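Worksheet: one structure, shown below.
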Amino acid sequence: MSGYLIRRILFMVPTLLGVAVLVFVLMRLIPGDIVSLRLAGEGGVVSAEALAAERARLGLDRPQWLQLVEWLGGLARFDFGISMWTGRPISYEIGLRFHLSLQIAVMSTLLATMLAIPLGAIAAVKQGTWIDYGVRLFAIAGLATPSFWLGILIILFLLIQFDWMPPIHFVPIWVDPIQNLSQLIWPAMATGYRYSAVAMRMTRSAVLEVMREDYIRTARAKGLMEKSILMRHALKNAMLPVVTVIGLEFAFLLGGLVVTEQVFNLNGLGMLFVRGVENHDYTLVQALVMLVATVFILTNFFVDLLYVWLDPRIRLD
Amino acid sequence: MTPEEILTPQSKSVDAAAWVTALSRFARYQPLGAAGLLVVILMALTALLADWIAPFDFLETDYTLIMAPPSWEHWMGTDPFGRDLLSRIIHGSRTALTVGLVASLLGATLGLVIGVASAYFGGTIDMVVQRLLDIFMAFPLIILALTIVSIFGTGTLNVTLAITIPMVPRCARVVRSSALAIRELPYIDAARALGFGHGRIILRHMLPNVIAPYLIMLTAFMGQAILLEASLSFLGLGVQEPVAAWGLMLQGGAEQYAESAPWMAIFPGLAITVSVMAFNLFGDALRDVLDPKLRI
């Protein structure tokens, strides 16, 4: 087991290194750089010396391989450096917004799980009935509805029905839980619907599969009630793939809320991403991509570990 | 190859009657999937015949009718330039279908070839390819698309490319796991023993046998590609005005006009939802018919 753990952790290194090199190269392929963008933005003609001086200040005049090596060296020490655009430390820029993005991701995961597991399980048990069809349609509509459009509809509904808009200023939940929730519950709903649809479909198909197993027949044969068969025997065994999709969607939510944040005017990691790419803020975008990729890879890792815990038959070595 | 041909492999040349039989059987056992297919066909027809079906020119502005509510003349109302929304939605189906079809065809096919080749060669090559795919999988999808659009610029072609790239590793993964099982079958050994080249074995003997997961991924990608294109266009990073695109129509002030002209926010989103849903319903049914054990 420990051998497996060490191997898995070591395997993360080349993947993360690959992501790092990929984002480094991609960012530098974007035409134009931050210096000309920023100085030209002030209007007028900028002398070549001023441009060169600014590039030297940001370290952009050095050879690219050296920039890459230094950045990787910083990463290894968890030093993300300074945002080229704002001049503030990147850990500060991310820290400001991480709370908001994390809270939405957590709320939306809770919403999705509470909706998905009972509905998915009921659909599987009542396979072929109108309940099953209803749940499946609800789920498939959730996959098809763009969450940014659902967000627009939610705002529209709140405006027309209650003449009320969610607050725009973010307050941490421990400062003012009411204002915090009244701002963040809507984006969590908008993204949670799609999320629950993915998990619901997985729950349904996993429960269906488990219900055909021999041990379920044994449980029936010894006279257990359907309810305890489902709760005690089927659901627990069906949870593996469900946990996987929930984990992966969570990782995706943390950095992928770009469009929903735009709709709800939220200042989260997604908006930071867009602005970083627009401003050619190399260091910022690189750090953000590394953060999201790390969360993704770690989630994958923990899901695999969870498998072993949930299903003792799985041996990792 | 069509799903019906896979269902009835013995009929080499599928004539019209066989098609009708296969389709009616599909409709009987997969009513939701058939409904999805019907909507997809209607959508394709709309896209093809957009110039004839649309009641107005989708570019025609009418400043006397700015943000007019739905009426007998303009069924879905008009936008801030006085352009007919229905006509723009009809023409938008062309954008959505073209981007969706090209991106998912390219993405799934590249994924198919990479997945099969990786499984066939195995060993170090497989290991390296899988790690490379890991890198692309770990890269957040919408951010990869965003960066690609920033590099190549906005516009329909570049958006298609940006949507294609994230699909390749996802399809390659699924195809590889199916191909791994096939690699061990005796007829691949036989092909090798007969001295066939790698290319011939991969293309002629392995590819046709992983066509089921490929088709399933392809239909699933169609819906995802339409959604992704809409998201990118909504962000202003996708298709550009004056091209008619659903995501772009939602961006065009839908949010700030939500109160005074809700139809501008409702209809384009409805078009996205209905079309993606149709592709998903069809894709699900296809999966149930072709490979019920596959989970995507």
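Since the structure is predicted, the reported quantities are computational estimates derived from the model, not experimental observations. Below, chain A is the first sequence line, B the second, and so on; all start at residue 1.
- When all heavy atoms of B:S231 and A:V259 are compared, the pair lying nearest together is CB-CG2, 3.9 Å.
- Interatomic distance, A:F11 CZ to B:M127 CE, rounded to the nearest 0.5 Å: 5.0 Å.
- Among B:I226, B:L32, B:L235, B:L144, the residue with the largest count of heavy-atom pairs under 4.5 Å with chain A is B:L235.
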Next on the checklist: Determine whether B:F139 and A:L26 satisfy the following criterion, side chain to side chain contact (heavy atoms under 4.5 Å, CB included), listing intermediate values before the conclusion.
Outcome noted: CA-CA 12 Å; B:F139 215 96; A:L26 278 178; 4.0 Å; yes

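- Heavy atoms closer than 4.5 Å to chain A are found nowhere in B:L232, neither backbone nor side chain.
- Taking CD1 of A:I152 as the start and CG of B:L250 as the end, the distance is 5.0 Å to the nearest 0.5 Å.
- The parts of B:L270 that come within reach of chain A are both its backbone and its side chain, each placing non-hydrogen atoms under 4.5 angstrom from that chain.
- Most heavy-atom pairs under 4.5 Å with chain A: of the set B:I148, B:V276, B:T273, this distinction falls to B:T273.
- Residue B:L132: no heavy atom, backbone or side chain, is found under 4.5 Å from chain A.
- Evaluation of the salt bridge (Lys or Arg N to Asp or Glu O under 4.0 Å) rule for A:E261 yields no partner, not counting sequence neighbours.
- No part of B:F279 comes within reach of chain A, as not one of its non-hydrogen atoms sits under 4.5 angstrom from that chain.
- Considering B:L237, B:I143, B:V149, B:L146 in turn, B:L146 is the only one that fulfils the side-chain contact (heavy atoms from CB on, under 4.5 Å) rule with A:V277.
- Interatomic distance, A:L22 CG to B:I135 CD1, rounded to the nearest 0.5 Å: 7.5 Å.
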Next on the checklist: Under the criterion salt bridge (Lys or Arg N to Asp or Glu O under 4.0 Å), I'd like the reasoning laid out for B:D284 against A:R136: C-alpha separation, chi angles, the key distance, then a yes or no.
Outcome noted: CA-CA 11 Å; B:D284 270 16; A:R136 281 167 70 191; 5.7 Å; no

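- With respect to chain B, the highest number of heavy-atom pairs below 4.5 Å among A:V21, A:I297, A:V23 belongs to A:V23.
- Under the salt bridge (Lys or Arg N to Asp or Glu O under 4.0 Å) criterion, B:R131 pairs with B:D134, sequence neighbours left out.
- Close approach to chain B, defined as a heavy atom under 4.5 Å from one of its heavy atoms, is seen in A:L137, A:I140, A:A141, A:L143, A:A144, A:T145, A:P146, A:F148, A:W149 of residues 137-151 of chain A, taken by number.
- Partners of B:R170 according to the salt bridge (Lys or Arg N to Asp or Glu O under 4.0 Å) rule, which considers only residues two or more places apart in sequence or in another chain, do not exist here.
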